[in-house]
Participant: 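Pasting in a structure now, in structure tokens, and then I'll have a few things to ask.
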Amino acid sequence: MASIRNDIPISAPADKVWDAVRDFGALHERLAPGFVTACTLDDDARIVTFANGSVAREVLVDCDDERQRLVYAINNERLKHYSASVQVIAESDARCRLVWIIDVLPNELAAYIQGQTKEAVGAIHRAFPPAAA
């Protein structure tokens, strides 16, 4: 099983970033605008439309406010397994890290997904620009 890990430094307080992460239906507005162009809720899932036109149904598995960790999964015909966790870790009052881990099968899709996550990381950085000095 391929495992893709993104350790993303963010120049924003952990509580602000966690508030955006946990807002499950606002991914396109608060966490990854531009990379995600639309997001609608469907019971315990969100239907996500990406900038490249692909669409995924991401099922909410867990949202843990104490650990600031969200877990979601995708089940479709192309993916044998897809599970992802996003955790916000405070580094100081004004900085944090977002650790995003994706486990996926088949392994052959890992390179594509990793390429997409690089674009997502750019969108996350744009959503939380460094504060002006």
Side-chain angles (χ1 to χ4, degrees):
M1 180 175 306
S3 189
I4 301 163
R5 180 183 171 92
N6 294 280
D7 195 330
I8 308 160
I10 300 177
S11 297
D15 59 344
K16 182 177 178 181
V17 175
W18 172 243
D19 190 57
V21 169
R22 75 174 318 283
D23 194 353
F24 196 63
L27 181 63
H28 63 306
E29 298 169 335
R30 300 191 61 200
L31 190 63
F35 176 71
V36 174
T37 59
C39 181
T40 56
L41 293 175
D42 179 30
D43 293 325
D44 64 344
R46 61 186 176 196
I47 310 304
V48 179
T49 304
F50 298 93
N52 68 4
S54 65
V55 177
R57 184 173 195 277
E58 299 177 345
V59 177
L60 179 63
V61 175
D62 187 40
C63 183
D64 185 333
D65 285 319
E66 186 176 324
R67 292 173 49 207
Q68 295 189 326
R69 183 174 181 264
L70 185 137
V71 179
Y72 64 95
I74 299 174
N75 298 308
N76 66 30
E77 62 283 348
R78 287 183 44 192
L79 297 166
K80 192 175 206 180
H81 177 87
Y82 183 108
S83 179
S85 66
V86 180
Q87 186 166 14
V88 180
I89 301 166
E91 291 190 328
S92 70
D93 289 344
R95 292 189 55 77
C96 66
R97 288 187 356 252
L98 190 146
V99 178
W100 179 20
I101 301 170
I102 302 166
D103 295 321
V104 64
L105 281 173
N107 292 335
E108 294 77 29
L109 291 177
Y112 169 77
I113 292 169
Q114 189 161 28
Q116 289 297 294
T117 65
K118 286 181 183 179
E119 292 184 34
V121 168
I124 292 166
H125 278 132
R126 289 187 298 276
F128 296 98

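We count residues from 1, following the sequence as given.
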Participant: Within the side chain of R46, is there an N or O that forms a donor-acceptor pair under 3.5 Å with the backbone of F24?
Facilitator: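 Answer holds: yes.
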Participant: Would you find more than 12 non-hydrogen atoms of other residues, nucleotides or ligands less than 6.0 Å from D93 atom CG?
Facilitator: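 No.
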Participant: Compare every heavy atom of H28 with every heavy atom of G25, then report the nearest pair and how far apart it is.
Facilitator: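 Answer, listing the atom of G25 first, then H28: O-CE1, 3.6 Å.
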Participant: For the side chain of Q87 and the backbone of R67, is there at least one donor-acceptor N/O pair under 3.5 Å apart?
Facilitator: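 Yes; judged by distance alone, with no hydrogens or angles, the pair exists.
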Participant: Can a donor-acceptor pair be found, under 3.5 Å and without considering hydrogens, that links the side chain of D43 to the backbone of A45?
Facilitator: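 Flag not set: sc D43 to bb A45 has no pair under 3.5 Å.
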Participant: State, to 0.1 Å, how close M1 and V104 come at their nearest heavy-atom pair, and which atoms those are.
Facilitator: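 In terms of heavy atoms, the two residues are closest at CG-O, 3.4 Å.
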Participant: State, to 0.1 Å, how close V36 and L27 come at their nearest heavy-atom pair, and which atoms those are.
Facilitator: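 Looking at all heavy atoms of both residues, the closest pair is CG2-CD2, 3.8 Å.
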Participant: Donor-acceptor pair, T37 side chain versus T49 backbone, under 3.5 Å?
Facilitator: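 At least one qualifying donor-acceptor pair exists.
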Participant: Whether the side chain of H125 engages the backbone of P9 through a donor-acceptor N/O pair (distance < 3.5 Å, no angle test) should be reported.
Facilitator: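 Yes, the answer is positive, given that a donor and an acceptor are paired below the 3.5 Å cut-off.
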Participant: Can a salt bridge be assigned to the pair D23 and R30 using a cut-off of 4.0 Å between side-chain N and carboxylate O?
Facilitator: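 Answer for the salt bridge query: yes.
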Participant: Just one of T117, V86, I101 clears the side-chain contact (heavy atoms from CB on, under 4.5 Å) bar with N6, so which one?
Facilitator: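 Only match with N6 under side-chain contact (heavy atoms from CB on, under 4.5 Å): T117.
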Participant: Does A2 offer a backbone N or O that forms a donor-acceptor pair with the side chain of N107 under 3.5 Å?
Facilitator: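 Present.
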Participant: Minimum heavy-atom separation for E29 to P33, with atom names?
Facilitator: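 Scanning both residues completely, I find the closest heavy atoms to be O-CG, 4.0 Å.
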Participant: Identify the two heavy atoms, one from C96 and one from A90, that lie closest to each other, and give their separation to 0.1 Å.
Facilitator: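 In this case the closest contact between C96 and A90 is CB-CA, 4.0 Å.
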Participant: Kindly indicate whether the side chain of L98, heavy atoms from C-beta on, has any atom under 4.5 Å from the side chain of V17.
Facilitator: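 A side-chain contact exists here, since the closest heavy-atom pair is under 4.5 Å.
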Participant: Over all heavy atoms of both residues, which pair between I4 and A110 is shortest? Give the atoms and the distance, please.
Facilitator: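 In terms of heavy atoms, the two residues are closest at CD1-O, 3.6 Å.
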